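Notes follow once the structure below has been shown.
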Amino acid sequence: MNYPFYNPREAGGPTLEAMLVGRGPLLEEILEDLRRQATSASRQHWLLRGPRGIGKTHLIGVVYHRIRQEQELEDAYLPVWLAEMEAYTVYSTAVLLLEVARRLVEELRLAGDNDGAGVLAEALGGLEAAGDDPALFEDVISLLQGEARRRGKVLLVLMENLDAMLAGFRSRPEARRFRALLSEEKDLLFLSTTPTRYLRQLSDPKEPLYGHLKERTLEPLTEKEVGELFGRFAEVTGQRHLERAVGAKGESRLRRRVLHRLTGGNPRALVMAFSVLSGASGLRSMVEEIAALLDAQTAYFEARLARLAPRERAIVAAMALAPTNLTRQEIARATRLPERSLSTQIKRLVAEGHLGQTVGEGGKGTIYEVSDGLFRVWFQYRKGRKTLEPLVRFLALWYAPEELERIHSELEHAGTERCSPLEASRFETAGLQVEEALRFARSEEGLAERERLWLEDSSMENLASRFIAAKKAQQHAELVEVCEEMLNRFEGEKPAVAAILYEKGHSLGALEHNDEAITVYDELIAHFGGCQTPALAALVATALGSKSLNLGYLGRCDDAIAVCDEVVTRYGDRREPTVAKQVARALFIKSVILGSVKKPREAVGAFRGFITYGEAVDDPEFQKIVSLNRHVLAAMEAAQPRRGARSKKGPAARLREALGRIPPELRDAVHGIAQLILFGRLGRPARFRPDQAAAAVQARQT
Amino acid sequence: MRVRDERLRSGRLVAWFDPGDRRRNGSLLFLARGADDIEPLTRIAKACQHALEAQGRTDLDWHAVADVGQLASVDPALDPSRVARIEAAELAMLSVDELEGLLGPALSRLTSGEVQLFPAAGGAVGSPAEGIQFLGRDREIGRALDRLAAGHSLEILAPRRSGKSSLLRRLNKSLPKGWRGIFVNLEKEFTPEDLAARLWVLAAGEPYRAAQRRADQGWEALLGTAVERLAVGSEQLVLLLDELVFFLQNQTPGEEEGALAALAILGALDRACDDPRVRLVTANSLPLGEYLHEMLGLRRGQLPQLFRSLEAFRLPPLDPHAPDRELRRVLLGTGLVPEANEVDWLNENVDLALPYPALRFLDFLASHLRSRGPAEEEELERLLEGFLRRTDAFAEFDSNLRPRRLKQAGALRALRSCLDLLAEAKAGAAVPRGEIESCLQDVERPGELFAWLLESFPVVEREGGVALASRLFRRWWRRQLEEGTES
């Protein structure tokens, strides 16, 4: 099964956008930086790091398409997306530029500029100098400069596997020339990626490119993001039954967590998991996909291995074949190398990013791992192991043994039905994975691991930290979800329940689910309306005020006004500042709502009530607001037509006249509020947005 | 600490329109959140007014913005992509004078049609800093221009990632009228032929390939002719050669042959610059004299006159009096908003005396806050600790110490004691010079070692004592001390 999102280069912009999960802030940061660099005298090149499958290509694919879509970026940049393999053939800066220029020809053709593409292709065809001749560098850079300047754009070079390219530079001077290119040429901007955690050429202060790039690391997806991405796979492929399998509630939430643990938050692993979960044929396809993926890595991994000394290669091979991570002593045993000589070699392998330390800082007892998980699988596969470890593990931990048996018999059945020997062999390989998974699932180790994975519970502590994080980040949908889970765990009418209910209502309101927000507020008011403690009374008053806002959003202005009045009736005689402020707030909201339905006289009356009531609130900060609003009231009163008086001027003119008597620095603010209440300028009841109005009012007060 | 909330809907905007073409405009929008912003906005307006009066400008207007979604209501020609946004709250703790110092240059850039009004931490965290990204080296530029005017050729010296190349570029752009600067990045040139060809391209405008053919027929003569031609028509010519030491390192290997090659190149440059109108400025992290002597066995007396008289121009840490304002500018350019108590934390821990590590940290911090939301002081501490644990930004200082150990008995220990003492002193406080000298008393030529300490580390003499100029370095060194690892 070939999913459209499996290879980001083949997927179109809309598919990549639809599959983009958890990378929003980084994408925005990159795009914002590109907008900034469009007018900057400095050129700061980028490097995105992250293990294979984490979504680097996907992200630069989105950048590529966004540049073509957003006018501001399109005006400033011409994106040139180098093919993944091009980094392997580069051995000098001039050759890199040549690859960029060749790719640019393709990009111009894609953009419909066939004439431009033809001219550039012809110019490139005329170049004769050798790859490391400075003249070639000069020729190509001047061609690229010409192309960029003619279009008034910067060439944004999207390049993968920077590590492979740097490894192709055999000499330090060549790396220096590349650095000079990065420092000097303002017509080029590089956005590169690398799967390595450590790149000596960038991290060693003695190296020319040390600290030269702006680096960001793509982190694994969170549990929630895994669920979201899985849902999007299901949506795009039309497999709705899978969308429900992994979700935010109950059993499906548990599955989501397990999926997160099993895939390590790696999107490519999640694609594989999705494929496997889509049935026996999906599993067979997955085996093929993984085999194809591993074959595609051969050039890269072989090149990396070739650069190692024979003893270092032996260490890496032993680590890749071992079922677990190893200590130095275990490596010595597996490689038959003397333990005392291993220290230097391991240190170098760690420094070069081949190995990592999982436990310890390099001393005795330190446990080492192969840094690139895919390398391990590739190496085992190349060594003739037909079972694919991650797939086996996934199957064993996800499915119950009886389900595995069923899948196995389905595969056997499908395999015998097909005539083609090639097809039969594919089903056989897939069946082998399931057999191995069954063996592991029934082993003591497998049983224990499965139990631990599935029975881990999400504690209240986890919920609390999720609540805090979501509130901090204003993630309202997540807040609603956490509040619901918390409410499921609380019993009785504890104050905490009121606070959670309020938070849930508030978040629903922010999501514009006004009816649901009102229902939640009603629940809060029904349960806690009789409580007289200041904290709970303030919370109920706040909920009533917020409910009136939600009613306002829905255009139910009479109901909204009635709720505001209810606040005054219930709590008008309370003097605790926390409660009294909410009463004043309700009066303010009432005046805004009355203004929006063109009842200026009543609106001014309610506003007067707000001032009168507000003056009695014992809170210096609140008094600042009241004092400002006295000016508003004075201006509005002056603008109101006096009964019986005849004036040629309209209320707007009278208001402007009244503003002349107000301190100049407050005029704008006063004018804004007064206009809002007197003329309801911000909108009609049908699309009335009291929160925006209130925000605007507050801002105008400044 | 948090990132700027650009979703705020309203505020006050100061706008500049080009009188010749109103479509060319720029503005600065001070976003307001609530009543707390009244006072800061009043002060901001006053500071801007003072700054504009000082600049003699009357062509900027203030506008109230009720809804940033409707900026066109301010003026239909207003370009929304050229509206720089700042929260009034970001400036709440500053006096009118401080605000004037901070906003004055930004308004000046605004009226010059510039889009970027403040430097961003991530704007140049590795690449050379140019334009607005070039931070606070006015004093050094002035000093270098004075020395050039006095007829000296200069060698700019500083550890890697200290901004030498950026300074060289800025110096080139700061040369007075009648002076001509020619900047050559020698990282791109591998051989003397390449260098001669490059200078000829710059002098004659010929294609590189043709220049290369000329150089093959005699690079020394071509180099001389190129410089001569470049000097024509200008009162003074300044040849700015970045990474001369690297260029020499890249020539023939072996001490004897390398020395001959280096002498040939230096001799050709000496002859080319043997004109009272021509000066040479080079920038190196390894001093040229030290490289020639230690790697090629060339003594000073053997060098051509130009290189015997090359004046060392050390790049000190960023002006210790300016960095706080510079840090404010960087925070504004990056959109980082510290809360009141976090300003103290920043002042204690982060500064721009060594811009590279500081900008890297602030850039990382901004990215973290964008994706994870606001962080309080405890979290900031954790993030800074993590950064200091991972960063290689101070490794150059570490490697400086190692050759010193080989050269002078006991020097390494003595230097470490000095740095320990300086790092243990209260932030910003100076240690009496006598205490530092006593750490060095058992070493031969202690005065020389003390001078080396000042040149090679962010250490300055201040108020009769000695102090660490960089708070970040201090923190990093203390961390090494606490961990007991060998720095």
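Order of the sequence lines fixes the chain letters, A, B, ..., with proteins taken first and strands second; residue numbering starts at 1 for each chain. Here the structure is a predicted model, which means the values were calculated and not measured. As a basis for the values below, the full set of heavy atoms in this structure was taken, side chains included, without hydrogen atoms, waters or symmetry mates.
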Between [X] and chain A, with a heavy-atom cut-off of 4.5 Å, which part of the residue counts as in contact: side chain, backbone, both or neither?
| X | answer |
| --- | --- |
| R198(B) | side chain |
| F134(B) | neither |
| S367(B) | both |

Please rank [options] by heavy-atom pairs under 4.5 Å with chain B and give me the top one.
| options | result |
| --- | --- |
| A473(A), S183(A), G24(A), A469(A) | S183(A) |
| Q37(A), E215(A), R216(A) | R216(A) |
| P208(A), A135(A), S142(A), A175(A) | A135(A) |

With a 4.5 angstrom heavy-atom cut-off, could you sort out which part of E28(A) is near chain B: side chain, backbone, both or neither?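 Answer is neither: E28(A) stays 4.5 Å or more from chain B.
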Flag if over 12 foreign heavy atoms under 6.0 Å of [atom1], [X]:
| X | atom1 | value |
| --- | --- | --- |
| E376(B) | CD | no |
| E74(A) | CD | yes |
| R630(A) | CZ | yes |

Distance-only donor-acceptor check, side chains S42(A) and Q133(B), under 3.5 Å: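 Judged by distance alone, the side chains do not pair up.
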Test D36(B) against E621(A) for side chain to side chain contact (heavy atoms under 4.5 Å, CB included), laying out the working first. CA-CA 9 Å; D36(B) 288 347; E621(A) 283 303 307; 3.3 Å; yes
Q49(B): partners by side-chain hydrogen bond (donor to acceptor under 3.5 Å, both in side chains), with sequence neighbours left out: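 Listed in chain order: E53(B).
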Where is the tightest heavy-atom contact between [X] and [Y], given as atom of each residue plus distance?
| X | Y | answer |
| --- | --- | --- |
| D194(B) | R177(A) | OD2-NH2, 4.2 Å |
| D133(A) | Q212(B) | OD1-NE2, 3.1 Å |
| P173(A) | N250(B) | CG-OD1, 2.9 Å |
| R43(A) | S127(B) | O-OG, 2.6 Å |
| A180(A) | E187(B) | CB-CB, 4.0 Å |
| K214(A) | D363(B) | NZ-OD1, 3.3 Å |

Got a donor-acceptor contact below 3.5 angstrom from the Q116(B) side chain to the R36(A) backbone?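 Looks like yes, one N/O pair under 3.5 Å.
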So that I can tick it off, tell me whether [Y] and [X] are bridged by a salt bridge, with the cut-off set at under 4.0 angstrom between side-chain N and carboxylate O.
| X | Y | value |
| --- | --- | --- |
| E184(A) | R169(B) | yes |
| E130(B) | K186(A) | yes |
| E243(B) | R176(A) | yes |
| E128(A) | R209(B) | no |

Which one of [options] has the most heavy-atom pairs closer than 4.5 Å to chain A?
| options | answer |
| --- | --- |
| A45(B), A124(B), G373(B), S166(B) | A124(B) |
| G131(B), A120(B), P374(B) | P374(B) |
| A129(B), G123(B), A366(B) | G123(B) |

A cation-pi test, strictly: NZ or CZ of R160(B) under 6.0 Å from the centre of the six-membered ring of Y210(A) and no more than 45 degrees from its axis. Yes or no?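 Here R160(B) fails the 6.0 Å and 45° test against Y210(A).
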Is there a side chain to side chain contact (heavy atoms under 4.5 Å, CB included) between K188(B) and F178(A) once you walk through the steps? CA-CA 8 Å; K188(B) 226 165 36 174; F178(A) 181 56; over 6 Å; no
How long is the gap from [atom1] on [X] to [atom2] on [Y], to the nearest 0.5 Å?
| X | Y | atom1 | atom2 | answer |
| --- | --- | --- | --- | --- |
| E29(A) | S371(B) | CD | OG | 8.0 Å |
| Y208(B) | L136(A) | OH | CG | 11.5 Å |
| L26(A) | R370(B) | CG | CZ | 10.5 Å |

Test side chain to side chain contact (heavy atoms under 4.5 Å, CB included) on V125(B) and L213(A) and set out the steps. CA-CA 7 Å; V125(B) 278; L213(A) 305 175; over 6 Å; no
